[in-house]
A.B. asks: 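Have a look at the structure that comes next, please.
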Amino acid sequence: MAIYTSILIIIIQLLLCASINSYTTKPPGTHRNSTSKLSQLDEEANALFSLHWWSIQYNISNRCNNWPGVGCNNNGSITKLSPPKDSTYVFNRDLYVRDINFSVFSNLVHLDLSQMNLYELPMGLSSLKKLTLLNLSYNNIQDEIPFSLANFPQLMVFDVSNNLITGQIPHEIAKLENLVTLDLSFNMFSGTIPLSLSHVTSLNHLRISNNRLDGELPTKILNLSQLKNFDLSRNRLLGKLPATFVNNSQLQNLNLSDNRIGGFIPREIGKLANLVVLDLSLNQLEGPIPEQIGCLKNLTSLHLDSNWINGSIPSSIGLLTHLNELAIGFNQIPGLIPAELEHLVYLKVLDISNNEISGGIPKWISALTQLTDIRLQGNHLSGVIPYGILNHCIHVDLSHNRLNGSIPSQIGHDLLYLDLNSNNLSGKKPKELDSVPFFYLNCNPFLDDGYYDCSDPQDQLDYDHHDNHFRPSKALVLIIVASVLISFGSIGVGICVLRSRHRHKLKDKAAKHGDLFSIWNYDGKIAFEDIIEATEDFDIRYCIGAGSYGSVYEAQLPSGKTVALKKLHKTESENPSFYNSFCNEVKVLTEIRHRNIIRLYGYCLHNRCMFLVYEYLERGSLFYNLANEIEAKELNWRKRVKIIKGTAHALAYMHHHCTPPIVHRDVSSNNILLNSELEACVSDFGTARLLDPDSSNQTLLVGTYGYIAPELAYTMSVTTKCDVYSFGVVALETMMGHHPGEFITTMSKPCTQQLLMKDLLDPRIPPPTCGEDMQDVLLVVKLALACLSLDPKIRPSMQDVANEILASKAPILIPFSDVSIYQLMNQEIYPIDKK
């Protein structure tokens, strides 16, 4: 009976393929005989189908009507092509692109190939002369741009950001007379910015940030009358800010941060009436902040931090009533905090740290109810801490001042970080502080609870929340705050934090490497300066990817050890949600240890530089290894099963051996990393959550689309079974070689259940032949199917999954090649006592 069923299925499949081929070669409305040349529409249809971006349910003849990402003109020729970002539709993103000659789509005006993991540009792009939009961003394209931009005279949007492109910026850009948006950011462009760009008068948005550009600041480009967004941050540009560029009345966002720009801030800057964001931080600007800054009435973000600015804070800043962020820290600003700042009622971030500010902390700061981040550390502030200042904030740093009096007991439930180190505070520590995850009180000799230790911050220990003396914490994170001051008033290099489980004094502080912070459970010490030197201040050349937040860098330390660093960009570190994710990842990863969970070596928590230090896993993500043809072929069935085993053991440990249980909430192939031995490690714990047994555990919907458990859409209540579902997706993806989106959506249909299991497996590697491999593969697919049950109560626990993987394998009753999905789902391949 099974043989007849198999023959019937093969016949149906052959008929289906024939039907598909008929659609592919002969769309409705076209006529040709067997010897005639294919029409343009036929060629487009063939190429479109060969891309494999859409599932089989999409009829090729209806490509102009309901295919996501496809648009056509009145003649049915394709004018828009954008791969659907929904993972239900997308299969191997770059697998088929390299085989397509895009010159077939001669009428294209819109081509979006972003996020396709491309390592080189596809064929035929230079012949698409009608293009108005070309988006190649977020790929892995290397070397120089291989075509002349003059080939695209109609181009309005050109985006190649977030690649590895080298060489100089092409001068032919000047020939793009219609160009509105140019984004070359996050690449490795070098040399100077071509002055020919100043002839592209239509430019609205220009981003060339995060490259290796040098030379003078291109002031002529700043004068482009239509320019609204201008970002040259994180390069090596020199020069001064000219007074003439402020004639551009359209400019809304100006970011020149992290360069080598010097001189004064011109008074004429007040003429930029439409400016919303101004970021001149991390430069060499000097002199005072001009009073005319108060004319920028639309400004929401002002960043002048990390310069050589002197002169008191101008009272005119109080006129910027829409301001959300004010960052002027790490300068040489004297005087008082002006009373006019109390009018900044929408202010969320206030950073005046590491200046020469004196006087008291104004009481009106407590009335700014939108404030979430206050950084006043490293000044000469005196007096008491205003009552209520801690009521609305997430992050407060008042350390290294001359504050006295008691610590206010009015502390908001959102406060995550409070640093009161190195002051003259007195009285008792309020019990309300026990609810703050990270707080520091060292070097306050007048506090009643013994916070008198003014030794090196590396020696600071966690305060135990149950006793009135210091001892190693059993549950919370030990954060070691390191401040490096070369001399009085110099710019600090940042505050680095770390957790430790053993109470002891660190030795060899004067060692050349490692004198800034030590690494928990690591065989050495890593200094902040080692990280900066190893990455050349986080140069783009060392960037190897991106996480759910922040970029990931590779760094080889002086000891020869290679580590991975996840660094928050400046804008991310000022975003409360990213900041919370950063703290959350630190808290979770310092509480758990497992061979299949990424190891956290240390971290630095400071507004100038926030990063995590991880173990380096050489093989990258599971997603990358499955998407790359060469890597995927190396992953034989035994190795793939090993990856699934490791992932299962990690999740079982989190769910069943941690108190309280930890739910990852973003289990995906991108967050499973592989070491040199292809052992799996679960990573990216920014969204992880501790389950509260006395709570409903309501949550916002987070995670990667295509891996999220369906019940979260209507219950919004997170459980361990949400991770179980995600694990099921990853397990099937590992066996199939690509995301199983379409298969999951049709899993309950009879036609899918009759599918033979061997036809589901990745065809790039030979099918399993030995008995043990066959049993392992069948078991993994069987468990994956069980984990994907729509009813979370029916899904197995991760402990059940891990136990079954470890148990001795049951023999199967029928040949491996005859096993169907239906039989696996109903366990009809095992003896009765194994059901």
A.B. asks: Who passes side-chain contact (heavy atoms from CB on, under 4.5 Å) against N379, sequence neighbours left out?
C.D. replies: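 Counting only residues at least two positions away or on another chain, N379 forms a side-chain contact (heavy atoms from CB on, under 4.5 Å) with N355, I357, L381, N401.
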A.B. asks: Any sub-3.5 Å donor-acceptor pair from D419's side-chain atoms to N421's backbone N or O?
C.D. replies: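 Checked: pair present.
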A.B. asks: Measure centre to centre between the rings of F611 and F538, then say whether the value is under 6.0 Å.
C.D. replies: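 Yes, the ring centres sit under 6.0 Å apart.
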A.B. asks: For atom OH of Y542, decide whether the heavy atoms of other residues, nucleotides or ligands shown that lie under 6.0 angstrom number more than 12.
C.D. replies: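 Above 12, so yes.
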A.B. asks: Could you tell me whether a side-chain N or O of T300 sits under 3.5 Å from a main-chain N or O of V276, the two making a donor and an acceptor?
C.D. replies: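 Yes, the answer is positive, given that a donor and an acceptor are paired below the 3.5 Å cut-off.
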A.B. asks: In terms of relative ring orientation, are H395 and Y417 parallel, tilted or perpendicular, with 30° and 60° separating the classes?
C.D. replies: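 Judged by the thresholds at 30° and 60°, the geometry between H395 and Y417 is parallel.
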A.B. asks: Take S301 and E325 through the side chain to side chain donor-acceptor pair (under 3.5 Å) test and state the conclusion after the steps.
C.D. replies: CA-CA 5 Å; S301 179; E325 302 173 355; 3.0 Å; yes
A.B. asks: Is it the case that the side chain of Q410 and the backbone of Y387 share a donor-acceptor pair, with hydrogens and angles ignored and the cut-off at 3.5 Å?
C.D. replies: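 No, because the side chain of Q410 does not come within donor-acceptor range (under 3.5 Å) of the backbone of Y387.
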A.B. asks: List for me each residue that meets salt bridge (Lys or Arg N to Asp or Glu O under 4.0 Å) alongside D414, sequence neighbours excluded, and say none if there are none.
C.D. replies: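 If we apply the salt bridge (Lys or Arg N to Asp or Glu O under 4.0 Å) test to D414, skipping adjacent residues, there are no hits.
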A.B. asks: Only counting residues at least two apart or in another chain, list the ones meeting side-chain contact (heavy atoms from CB on, under 4.5 Å) with L336.
C.D. replies: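 side-chain contact (heavy atoms from CB on, under 4.5 Å) list for L336, sorted by chain: S358.
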A.B. asks: For the side chain of D666 and the backbone of D684, is there at least one donor-acceptor N/O pair under 3.5 Å apart?
C.D. replies: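 No, D666 side chain to D684 backbone: no donor-acceptor pair under 3.5 Å.
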A.B. asks: Partners of K428 by side-chain contact (heavy atoms from CB on, under 4.5 Å), sequence neighbours excluded?
C.D. replies: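 Here the qualifying residues are D448, D449.
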A.B. asks: Has H322 got more than 12 heavy atoms of other residues, nucleotides or ligands less than 6.0 Å from its NE2?
C.D. replies: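 12 or below, so no.
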A.B. asks: Looking at D231, is its backbone amide N or carbonyl O close enough to the side chain of N253 to form a donor-acceptor pair, meaning the two atoms are under 3.5 Å apart?
C.D. replies: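 Such a contact is absent between N253 side chain and D231 backbone.
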A.B. asks: Just by distance, do the side chain of N404 and the backbone of L425 share a donor-acceptor pair under 3.5 Å?
C.D. replies: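 Side chain of N404 to backbone of L425: no pair is present.
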A.B. asks: Can you name the salt bridge (Lys or Arg N to Asp or Glu O under 4.0 Å) partners of R267, sequence neighbours left out?
C.D. replies: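 So R267 forms no salt bridge (Lys or Arg N to Asp or Glu O under 4.0 Å) with any residue.
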A.B. asks: Answer yes or no: is there a donor N or O on one side and an acceptor on the other, between the side chain of D397 and the main chain of R375, under 3.5 Å?
C.D. replies: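 Here the side-chain-to-backbone pair does not exist.
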A.B. asks: Hey, does the side chain of D305 reach the backbone of D351 with a donor-acceptor pair shorter than 3.5 angstrom?
C.D. replies: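 Side chain of D305 to backbone of D351: no pair is present.
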A.B. asks: Sub-3.5 Å donor-acceptor pair from the side chain of D537 to the main-chain atoms of I532, do we have one?
C.D. replies: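 Here the side-chain-to-backbone pair does not exist.
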A.B. asks: List for me each residue that meets salt bridge (Lys or Arg N to Asp or Glu O under 4.0 Å) alongside E291, sequence neighbours excluded, and say none if there are none.
C.D. replies: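 E291 satisfies salt bridge (Lys or Arg N to Asp or Glu O under 4.0 Å) with no other residue.
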